[in-house]
Amino acid sequence: MSTTTPTEIAKAYEPHEVEARWVARWTELGVFHADPTSTKPAFALACPPPNVTGSLHLGHAVNGTVQDILARTKRMQGFEVLWQPGTDHAGIATQFVVEKKLYKEEKKTRHDLGREEFLKRVWAWKQEYGDTIHGQYKRLGASLDYDRWRFTMDESYSHAVRKAFVALYEKGYIYRGNRMINWCTSCLTSLSDLEVTQKEQADKLYHVRYPLASGQGELVVATVRPETMFGDMAVAVNPNDDRYKALVGQLVKLPLTDRTIPVIADEHVEVDFGTGALKITPAHDMNDYEIGLRHNLEVRNTLTPRGILNEAAGPYAGQHRDKARKLVVADLEEQGFLTKIEDYTHNVGRCSRCDTVLEPYLSDQWFVRMDELAKPAIDVVESGEVKFHPDRWGGVYLDWMRNIRDWNISRQLWWGHQIPIWYCPDGHYTTGETDPTACATCQKTELTRDNDVLDTWFSSALWTYATLGWPDETPELAKFHPTTVLSTARDIIYLWVARMIFTSLAFRKEIPFSHVIIHATILDPEGRRMSKSKGTGVDPLVVMDKFGTDAARFWMAGAGTSSQDVRFREEKIETYRNFANKLWNASRFVLMKAAPEGSGVPARPARLESAVDRWIVSRLHAVVADVTRHIEAFDFSDATTALYEFTWNELCDWYLELAKPRLDAGDESVRWVLREVLDTLLRLLHPFMPFITEEIHQLLVARGWSEAAETLQHRAWPQADPTAADPEAEAEMGLLIETVRTLRNMRAELKIEPAKLAPKVFIVATPADRAALERISGLIARMARAEEVVVAGLDAPPDAGKAATGLAGENQVILPLEGFGDVIAKEVTRLQKELVNLEQEQGRVHGQLGNEAFVGKAPAAVVDKLRARQEEIGTQLETIRQQLAKWT
RNA sequence: GGGCGUUUAGCUCAGUUGGUUAGAGCGCCACGUUGACAUCGUGGAGGCCACUGGUUCGAGUCCAGUAAUGCCCACCA
């Protein structure tokens, strides 16, 4: 493939070929490679590593765009930029998809293959999707340092994970606990609280009769899970519940069994929920477990890890929990133990991965004790050392950190970092950065390693520094850590952002990043969250193919930093496809008309005579300042708006149109201004639309019309020149625009054929505007399709004969109607409409100014402005009334 | 049950520290093939800024409340 920009210019921008060419070219030039020995100031971003579960979705593309804009801008601003890429092994998620595939294709489970063989399959999967992701980022134009691609299970990264585990263990932060955890009976692993999704579910509340052992009466308990009754160890009532006070301490018979259990009193029981009596199943309910601890109840497990009732359930053993419930209910019913069944809707915790209803399960797991570790992580956000954008997310983070609970880090999976703990026959634990050969406590050498792996977030928590070589003190670490900005989705603030902050503080004694951008979530056109399973996900590549990557990026830049969530619609991207084409054609115009081959580089004029030139330069520098400021504040959406409006509404609609006759006349200053504006604009647009801007830039370079850089990434970011601000030129241009619009409007309302030139147009100018209007009369004529525009003073109004009159401020625009047919009726209608509008406004203004409180208290500038307007309205009304009188 | 958002034109969204005529894109209507661009141009129609009170000379913007809607967090069986 050729890597040079073609010289002939297509009529419409063709993204595909251009994009492929530049992706290759950037790589060839090595512009994305970060140099730790550079003397430039560092700017580092760690790209959130996507899961290797599949390919990138729109959310990744949005986040990639946000980060790329920063990376590209900062490079141009003279920073040594590192944008660190990589992928996450995503333990449970990846294992889950590979198991699913395995079952679908070979009808095998991971146990059929065995651990080693299964892991081979996962690595193969990882290879495939890791490559896909790599390619997708390149397509997006992401200026990641691809040479530094990392994977959370790379050897060096695994070393960091091991180091982190051992360090925490040795400081006493990691402990083994036999505790209630969330258990997935399908994935067969424990989950952290964050991996639980609460979902509302319609269930039944069964009222079950527990007869008193004494034979005198009964206690009725309400439960949604009667099948767990074989684990019941007590019935609890509230100590203040008068109904049951006398029963506390007595025994009740557990239905369907021959066991008796005690009635106990516990504050936890709500008097007015259900029957006020709660069956206590310590092994299968978090609360019951707590109550059991308080009352020394036995924890009797009645379920297997797969959710099958075990031998403790007597005749029901071997039944799955759902089936067992039906059987138990039927038997209770039959034996007269069931007094009532109520409909009951409540929240049920489900596996965020496979949606299976989770089981509270007592088991041995490894935990990280969080209380002490959380403290500094709270401090750095409270102090503003780490800032969230928008800042409300800082509050969300703090709420969570302040109420943090210990973190279950062991997972009963195969895919991941195997926990570096060895057990000796005596049950001692041994860990170490290298595999131990003997028990650290008793020196026995028969060691078995823990089979479990670490929560995938344990490893990604080290991302900002483990990717840079930690625990070794590498040059990269010295140069690029702490990183500057982290941009991510809000749903991993707890899972990932919070944990990066506390681990970095723990291991590096420094924050991992100064700014956290929480980008907006992209929704489907109906406002729902995009989801793969519902088929509402959008493949960014499809969008990029259809409309061009730059168009997609331009939209994503705005969408990603929008203050609220954004619905995706193809039409939105289409808008920016059109914008890219507009830019392309504007450039094409400049190249063909202002910079034809061999025309040379225009010299800088000593002074810009034309107000039009000074206006666009003034506007350009305002835009440079605005865009720069917005990027600094991460308000890309404002930046794109400013760029879009300047390019389309000012440059294309007015400046280029006005430049046409001047170019024909050989005006050199127009050429100089065009070169200046386009070259600057391309640099401003480059972070947002890297491909098209590079392409145009090279076309300009080929004509000597731009600094001879191989890529815009080597060009300097534009500096706003405050002395370019020219209010006078802007005012004059405002006059031009207003006058032209008035004339166009008149012609349209009078239905004058667009093609027909007006032979002569008069403007009766106020003394203040007269000189300016005379200067720009030729331009007005051009833009408003008149052969000639004649400016006259108020003292000498022209005799225009039969003519239509319009208002541009206080200046009258007179359009003689000779030759335009019978349009008088239309003119009268038009004038009347205008009259009504003005009279209404006059009423309002009059009322305002008549209000003493307003005049007395409002700032003088506001009052003066209104007074001026009142005067203007007076003049305008007079003009219109005179005209109307002439016609009627 | 708590917390945080959102509610502005037919649709999707902007609206700075309150300033009097509330904007854009798409869609709609009318017109248009002047050599950058029909992926375009010109003009136009279209809004009780969710509702109710309050503060203020002045409220889309500030305050209180109400209603819809979305998301997060939370151990009432």
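What you see is a predicted model; the values in this text were computed from it and never measured. Numbers restart at 1 for each chain; the letters A, B, ... are given by sequence-line order, proteins then strands.
- Remark: C1' of B:G44 and CZ of A:R830 are 14 Å apart, rounded to the nearest angstrom.
- A salt bridge does not link A:E632 with A:R629: none of the charged nitrogens is closer than 4.0 Å to a carboxylate oxygen.
- Taking atom C1' on both nucleotides, B:G15 is separated from B:C31 by 32 Å, rounded to a whole Å.
- Between A:Y576 and A:F554, the two ring planes are tilted [angle within 30° to 60°].
- Of the P atoms belonging to B:G27 and B:U12, the separation is 15 Å, rounded to the nearest Å.
- Side-chain contact, A:T197 with A:K199: no donor N or O sits under 3.5 Å from an acceptor N or O.
- The environment of A:E852 atom CD is sparse: at most 12 non-hydrogen atoms of other residues, nucleotides or ligands sit within 6.0 angstrom.
- Between A:K279 and A:W400, it is A:W400 whose nearest contact on RNA chain B lies nearer the 5' terminus.
- For RNA chain B, the stems formed by at least three consecutive Watson-Crick or G-U pairs, with both atom-pair distances below 3.5 Å, span B:1-7 with B:67-73, B:10-13 with B:23-26, B:28-32 with B:40-44, B:50-54 with B:62-66.
- Relative ring orientation between A:H389 and A:F634 is described as perpendicular, the plane-to-plane angle rising above 60° on a 0-90° scale split at 30° and 60°.
- Separation of the P atoms belonging to B:C13 and B:A50 is 15 Å when rounded to the nearest angstrom.
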Using a 3.5 Å cut-off and no angle test, enumerate the donor-acceptor pairs between side-chain atoms of residues 655-662 of chain A and protein atoms at least two apart in sequence or in another chain.
residue : atom : partner : partner atom : Å
A:Y655  : OH   : A:D613  : OD1          : 2.5
A:E657  : OE1  : A:K660  : NZ           : 3.3
A:E657  : OE2  : A:K660  : NZ           : 3.0
A:R662  : NE   : A:D667  : OD2          : 3.3
A:R662  : NH1  : A:D613  : OD1          : 3.0
A:R662  : NH2  : A:D613  : OD1          : 3.4
A:R662  : NH2  : A:D613  : OD2          : 2.7
A:R662  : NH2  : A:D667  : OD2          : 3.2

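- Counting any heavy atom pair closer than 4.0 Å across all strands shown, A:N347 reaches a base atom.
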(request) Going 5' to 3' through nucleotides 28-41 of chain B, assign each nucleotide B (protein heavy atom under 4.0 Å from a base atom), S (under 4.0 Å only from sugar-phosphate atoms) or - (no protein heavy atom that close). (result) --SS--B-BBSBSS
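- Across B:U34 and B:A22, the matching P atoms stand 36 Å from one another, rounded to whole Å.
- For the side chain to side chain contact (heavy atoms under 4.5 Å, CB included) test, residues two or more places apart in sequence or in another chain that qualify with A:E200 are A:T345, A:N347.
- Scanning for side chain to side chain contact (heavy atoms under 4.5 Å, CB included) contacts around A:D491 gives A:A489, A:R529, with sequence neighbours left out.
- With sequence neighbours excluded, no residue forms a side chain to side chain contact (heavy atoms under 4.5 Å, CB included) with A:E871.
- Residues from residues 269-277 of chain A that place a heavy atom under 4.0 Å from any atom of RNA chain B, listed by number: A:V269, A:E270, A:F273, A:G276.
- Partners of A:V271 according to the side chain to side chain contact (heavy atoms under 4.5 Å, CB included) rule, which considers only residues two or more places apart in sequence or in another chain, are A:N238, A:D241, A:R243.
- Annotation: B:G10 and B:C4 have their C1' atoms spaced 31 Å apart (nearest Å).
- Here A:E359 pairs with A:R225 in a salt bridge; the nearest charged N to carboxylate O distance falls below 4.0 Å.
- Comparing B:C49 with B:U7, their C1' atoms are spaced 10 Å from each other, to the whole Å.
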(request) Summarise how protein sits on nucleotides 5-18 of chain B as a single string, 5' to 3': B when a protein heavy atom is under 4.0 Å from the base, S for sugar-phosphate-only contact, - for no contact. (result) SS----SSSS----
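- With sequence neighbours excluded, the residues satisfying salt bridge (Lys or Arg N to Asp or Glu O under 4.0 Å) with A:E872 are A:R869.
- As rounded to the nearest Å, B:A14 and B:A24 have C1' atoms that lie 7 Å from one another.
- Listed nucleotides: B:C73, B:G19, B:G43. Nearest to the side chain of A:A748: B:G43.
- Across the P atoms, B:U61 and B:G18 are found 11 Å apart, a figure rounded to whole Å.
- At the heavy-atom level, A:R869 lies under 4.0 Å from base atoms of the strands shown.
- Considering all non-hydrogen atoms of both residues, A:W555 and A:R567 come closest at CZ2-O, 3.9 Å.
- Between A:E749 atom CD and B:G44 atom P there is a gap of 7 Å when expressed in whole angstrom units.
- Sorted by first and then second residue, the salt bridge (charged side-chain N to carboxylate O under 4.0 Å, His left out) pairs involving residues 741-750 of chain A (not counting sequence neighbours) are A:E749-A:K833.
- Positionally, the nearest nucleotide of RNA chain B for A:A858 lies more toward the 5' end than for the other of A:L194 and A:A858.
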Sequence neighbours excluded and cut-off under 3.5 Å, please list the side-chain donor-acceptor pairs for residues 587-594 of chain A, or say none.
residue : atom : partner : partner atom : Å
A:S587  : OG   : A:L583  : O            : 2.8
A:R588  : NH1  : A:N585  : OD1          : 3.3

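- At the heavy-atom level, A:V396 lies nowhere under 4.0 Å from the strands shown.
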